Amino acid sequence: MTTPSTPAVNALDILRDRGFLYQNTNEEGMRQRLSGGPATFYVGFDPTGNSLHVGHLLPVMAMRWLQHCGHKPIALVGGGTAMIGDPSGKTEARPIMSVDIIDDNARAIQGQLGRFLDFAPGKATMVNNADWLRDLRLIDFLRDIGSLFSVPRMLSAESVRMRLETGISFLEFSYPLLQSFDFYYLCKERQCQFQFGGQDQWGNIVAGVELTRRLLGQEVFGATFPLLLKSDGTKFGKTAGGAVWLDTARTSVFDYYQFWRNVDDADVTKLLGFFTTLPMDEVRRLGSLSAPAINRAKEILGYEATALAHGHDEAIKAFLAAAREFGFADPDGQIETSSRIREADCTSASEDIPTVEISAADLTAGLGILALLVKAGLCASNSDARRLIKGGGCYLDDDRVGDEKLVISPEHFHAGIVTLRAGKKARKRIKLV
RNA sequence: GGUAGGGUACCGAAGUGGUCAACCGGGGCAGACUGUAAAUCUGCUAGCUAUGCUUUCAGUGGUUCGAAUCCACUCCCUACCA
């Protein structure tokens, strides 16, 4: 993580310049407060899974910038509210989760956030709203908090209106009260004056700002991040096997790098701004590269994003492994960049394509191509592998496999290694041991 | 509690006794063209020891030579009424 060197720029200007800001309860007020010394802010995370994926990263990067500017992040896991399920942006109620699972998930998420934020004492903190929400007493809550919410107003919220047709229970309807209470509580107990969240959180955030003002007589601020879509309007962050995870057990570093390497041309500038820490003038320059040179910008995006999540060394390995397979976009370093990707030695010969080992005994037993595809994790089932071969998408090194009954033999290996490909991009190195 | 309408593959949505592993759209995968891009065109999209077999249309049981389709009960959702 870069060392926060005395930043003279207002955090808000950085966020705005890089495209992080969408809606804001009071931008001027927020700017003034942020330039008036360290401030505390919070962002909520939903502990319904045990790993973050790239769809969660936008708020994380924003938090990183704010921390970089000297402000203090609170990452709130909604252990209490997850027991309810936020109706925002959902067409139906979500399954309610058990406390144990939520706690496990919260731990895993904090571990991942730690790669982006500094959780050292006095720096970022992690809180679980279950700690205060489960102690609420119904009568007190209804009287003190419930009395401040107007039902007609709540009903007019977009998130509620879209559920009016399909149904919404009182449980979910109450969600904004609890999230608002979080903000109030964090302001009172921890002097937290800012809440950030996704676009779909706007209603909840505004409600929290108002509740806090009414209960504490203090102005607090809220802002939302834009909804990240690809240039073709589809959801960002999903790919072949679903989401792109930060957990290397679910998405390998190589695949993580490849995800960024393969984004649309049109999204490069935007993504460099969000998911790297390169200066914006460089971002704009790289993003406007044309024709094949744009590929260098994608390599840089891939390296930078991967380095943040998995470290410099891993990112370089992924970059080299991929570039060796597909070609280097700028082998001679013609395109100027401040990215540490420059340090990569394009002539070294490490082998970091994900590798699967098979034993000589497997071969002797008669290993078929279908079984190998499944074993390598390139196909979900034998039928899937059959389809791949029928469609002409399976290669052993550079030879297309046309026979689904092909039996793998030692002749397929060169120096004990053969590259198995499923389509152009998915590939595994098969190593004979 | 009453009445009515629903629950189909990753999502949306047809199908209302056989020709249904189930139209179509989205998504995804693969092929061609490319720049590991986009757009476009084409094919595929339950599993298997595979010209056949097995498991799928909320659940359980039943009718039938035969059911996603008919019947009974159960669970869940929605609307109106109370």
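None of these values were measured; they are calculated from a predicted model. Lettering follows sequence order; numbering is per chain, from 1. These numbers come from the heavy atoms of this one structure, side chains and all, not from hydrogens, waters or symmetry mates.
- Remark: A/E314 pairs with A/V253, A/H310, A/K317 by the side chain to side chain contact (heavy atoms under 4.5 Å, CB included) rule, at least two apart or across chains.
- Remark: A/H71 engages A/A11, A/L34, A/A39, A/F41, A/L66, A/C69 in a side chain to side chain contact (heavy atoms under 4.5 Å, CB included) (not counting sequence neighbours).
- On the C1' atoms, B/G7 is 26 Å away from B/U54, given to the nearest whole Å.
- Taking the C1' atoms as reference points, B/G25 lies 8 Å from B/A13, given to the whole Å.
- Nucleic acid contact for A/R421: none, since no nucleic acid atom lies under 4.0 Å from a heavy atom of the residue.
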Review item, side-chain donor-acceptor pairs of residues 419-427 of chain A, under 3.5 Å, at least two apart:
{"from": "A/T419", "atom 1": "OG1", "to": "A/R429", "atom 2": "NH2", "distance (Å)": "3.3"}
{"from": "A/R427", "atom 1": "NH1", "to": "A/E325", "atom 2": "OE1", "distance (Å)": "2.3"}
{"from": "A/R427", "atom 1": "NH2", "to": "A/K424", "atom 2": "O", "distance (Å)": "2.9"}

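- Residue-level contact check: A/S383 touches the bases, meaning some heavy atom is under 4.0 Å from a base atom.
- Atoms CD1 (A/I389) and P (B/C29) sit 19 Å apart, rounded to a whole Å.
- Residue A/G391 is the one, among A/A380 and A/G391, whose nearest nucleotide of RNA chain B lies closer to the 5' end (criterion: closest heavy atom).
- With sequence neighbours excluded, the residues satisfying side chain to side chain contact (heavy atoms under 4.5 Å, CB included) with A/L370 are A/N382, A/A385, A/R386, A/I389, A/E404.
- Residue A/A426 is classed as having no contact, given no heavy-atom separation below 4.0 Å to the nucleic acid.
- As rounded to the nearest Å, B/U56 and B/U42 have P atoms that lie 35 Å from one another.
- You'll find a donor-acceptor pair under 3.5 Å spanning the side chain of A/D265 and the base of B/G35, going by distance alone.
- Using a 4.0 Å heavy-atom distance criterion, A/N262 is classed as a base contact.
- In this model, the phosphate group of B/G28 is not approached by any side-chain N or O of A/K425 to a distance below 4.0 Å at OP1 or OP2.
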Atom pairs, protein N/O to nucleotides 43-45 of chain B N/O, distance under 3.5 Å:
none

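- A/T337 pairs in a side chain to side chain donor-acceptor pair (under 3.5 Å) with only one of the listed residues (A/R342, A/E299, A/E282, A/E304), which is A/E282.
- Residues A/D384 and A/A323 both approach RNA chain B. Their nearest nucleotides, taken by heavy-atom distance, put A/A323 toward the 5′ side.
- A side-chain N or O of A/D255 and one of A/S252 form a donor-acceptor pair less than 3.5 Å apart.
- Partners of A/V407 under the side chain to side chain contact (heavy atoms under 4.5 Å, CB included) rule, at least two apart in sequence or in another chain, do not exist in this structure.
- Comparing the same atom, P, in B/C76 and in B/A37 gives a spacing of 49 Å after rounding to whole Å.
- Taking the P atom of each, B/C65 and B/U60 are spaced 23 Å apart, rounded to whole Å.
- Looking at the side chain of A/K424, the nearest of the listed nucleotides B/G31, B/U34, B/G47 is B/U34.
- Atom CG of A/L320 and atom C1' of B/U36 are 16 Å apart (whole Å).
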